[in-house]
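Report on one structure; see the data block that follows.
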Amino acid sequence: MKLPIYMDYQATTPVDPRVLEAMLPYFRTEFGNAASRNHSFGWSAEEAVEQARGQIASLIGASPKEIVFTSGSTEAINLAIKGVAEMYASKGKHIVTSQAEHKAVLDTCKHLEKTGHEVTYLQPDKTGRLPVEAVEGALREDTVLVALMWANNEVGTIHPIREIGALCHERGVLFFTDGTQAAGKIPVDVEADHVDLLCLSAHKLYGPKGVGCLYVRRRNPRVRLVSQIDGGGHERGMRSGTLNVPGIVGMGAACAIAEAELEESMTKLAALRDDLEARITASLDFVHLNGNREHRLPGNLNLSFSYVEGESLLMGIHDIAVSSGSACTSASLEPSHVLRSMGVGDDLAHSSIRFGIGRFTTKEEVDYAAGRVIETVRRLREMSPLYEMAQEGVDLATVNWQAGH
Ligand code: PLP
């Protein structure tokens with residue numbers, strides 16, 4: 001076993017060696033521009049792009065023509081939300097989303113608020129889940145879009161997407177879902193789940209960074225978008241710019257592998273994840289699960305440890321690469337907006353750790369990680385008078401800290 005151990009699979013994943021193999025020719029001999037129509041270099045690149053389009057579409061139950069390549073999910077999210085908001089502005093200017101979305105969604109919505117759109121930010125329940133009734137209650141005559149992630153990147157909670165999709169279709173509202181953490185990890189079917197727009201990102205499913213796509217429904221209903229990047233009219237005018245052919249080939253290969261191995265990986269990841277949790281909670285008290293035990297991504301385990309300080313905990317387990325809060329925001333000291341939206345207090349939010357289990361995680365690594373966490377939390381608690389009081393059964397919420405003064 002090599003240290004440090006990687007347990008941050010929700011932030012990004014290594015490229016699968018099979019994916020890299022598939023990509024290599026497209027850097028070397030097959031380097032053509034997929035838009036070059038006059039020679040075999042271009043034809044070969046275009047053929048590879050179309051094959052990848054098919055592989056990606058197959059993973060999510062779409063047709064290849066419904067896939068628009070982008071530089072990743074952030075760009076696809078911008079295209080989906082701004083593209084719909086601008087295209088349907090004359091129909092209505094109201095958007096429904098949630099407080100626990102990725103910043104790419106939240107900041108895009110904030111941008112639209114400055115240009116006259118209205119956004120409702122729904123609060124999830126304590127497990128990070130939004131019941132369909134909450135979405136229903138927020139819909140208005142002028143609602144044009146519901147934008148909700150399929151699965152949360154921090155706590156792994158999975159929303160009732162099929163019900164929300166059905167509701168949107170019934171009410172004639174477009175439904176965009178951020179599938180970045182879900183695609184390739186759990187079953188995703190845009191037809192059965194009534195999804196109109198969905199983004200995914202290659203680097204979250206063992207493909208390369210810097211490539212992703214937006215699924216845009218072509219019938220029942222046909223979704224129209226205002227493009228956000230204009231130029232040579234690539235991707236049927238929805239996203240101009242020379243295609244990243246090696247990246248797209250890699251994304252296609254990654255999706256094909258994810259589809260073929262989906263069931264097997266779900267079982268393996270959930271078993272390792274549950275083992276990690278069982279080991280930790282067998283040895284430590286006052287451990288809280290952030291997320292929904294039933295509706296959760298197989299590779300996600302987000303725990304908070306009472307009576308330990310978050311930074312010290314992270315330092316104590318520095319040879320395990322984990323995240324506390326979203327990787328994109330962990331540079332800031334602000335507690336995670338996702339945990340806050342679920343009503344988790346600042347203390348528990350600060351001592352939260354997201355363990356991300358993935359394709360290359362081994363049992364040995366899980367054993368080691370559990371041991372390190374247990375040892376570190378115990379050591380830190382030995383120095384904590386609060387922990388001692390809690391163990392003696394003192395309800396810390398009722399203590400009068402001024403007594404004796
Ligand atoms: N949405 C979710 C749920 C994510 O986890 C991420 C990645 O952190 C993104 C969007 C952004 O994806 P990308 O890195 O492809 O821009």
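Residues take their numbers from the sequence shown, with the count starting at 1. Counting convention: from 1, in listed order, for ligands and their atoms alike.
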Please work out, at 4.0 Å between heavy atoms, whether the side chain, the backbone, both, or neither of S73 comes within that distance of ligand 1.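 Both the backbone and the side chain of S73 come within reach of ligand 1.
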Which is it for D178 and ligand 1 at heavy atoms under 4.0 Å: side chain, backbone, both or neither?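 Contact part for D178 vs ligand 1: side chain (C-beta onward).
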Could you list all the salt bridge (charged side-chain N to carboxylate O under 4.0 Å, His left out) pairs where at least one residue sits in residues 227-242, not counting sequence neighbours?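 Sorted pair list: R53-E235, E75-R239.
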Would you say T74 has any N or O atom under 3.5 Å from an N or O of ligand 1, going by distance alone? yes
Please confirm whether H203 approaches ligand 1 to less than 4.0 Å, judged on its heavy atoms. yes
Is K204 close enough to touch ligand 1? Criterion: a residue heavy atom under 4.0 Å from a ligand atom. yes
Using a strict cut-off of 4.0 Å, indicate which atoms of ligand 1 neighbour a heavy atom of [X].
| X | answer |
| --- | --- |
| G72 | 15 (O) |
| Q181 | 3 (C), 4 (C), 5 (O) |
| S201 | 13 (P), 15 (O) |
| M149 | 3 (C) |

Among residues at least two apart in sequence or on other chains, which ones pass ring pair (Phe, Tyr, Trp, His ring centres under 6.0 Å) with Y88? none
Check the angle between the aromatic planes of Y307 and Y387 and answer parallel, tilted or perpendicular using the 30° and 60° thresholds. tilted
Which class fits the ring pair F41 and F31: parallel under 30°, tilted 30 to 60°, perpendicular over 60°? tilted
Go through the side-chain N and O atoms of H169 and D196 and say whether any donor and acceptor fall under 3.5 Å apart. yes
Can you tell me if CD on E364 sees more than 12 non-hydrogen neighbours from other groups inside 6.0 Å?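 For E364, atom CD is not crowded (no more than 12 foreign heavy atoms under 6.0 Å).
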For the residue pair L145 and V96, establish whether any side-chain heavy-atom pair is separated by less than 4.5 Å.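 Side chain of L145 against side chain of V96, heavy atoms only: no contact under 4.5 Å found.
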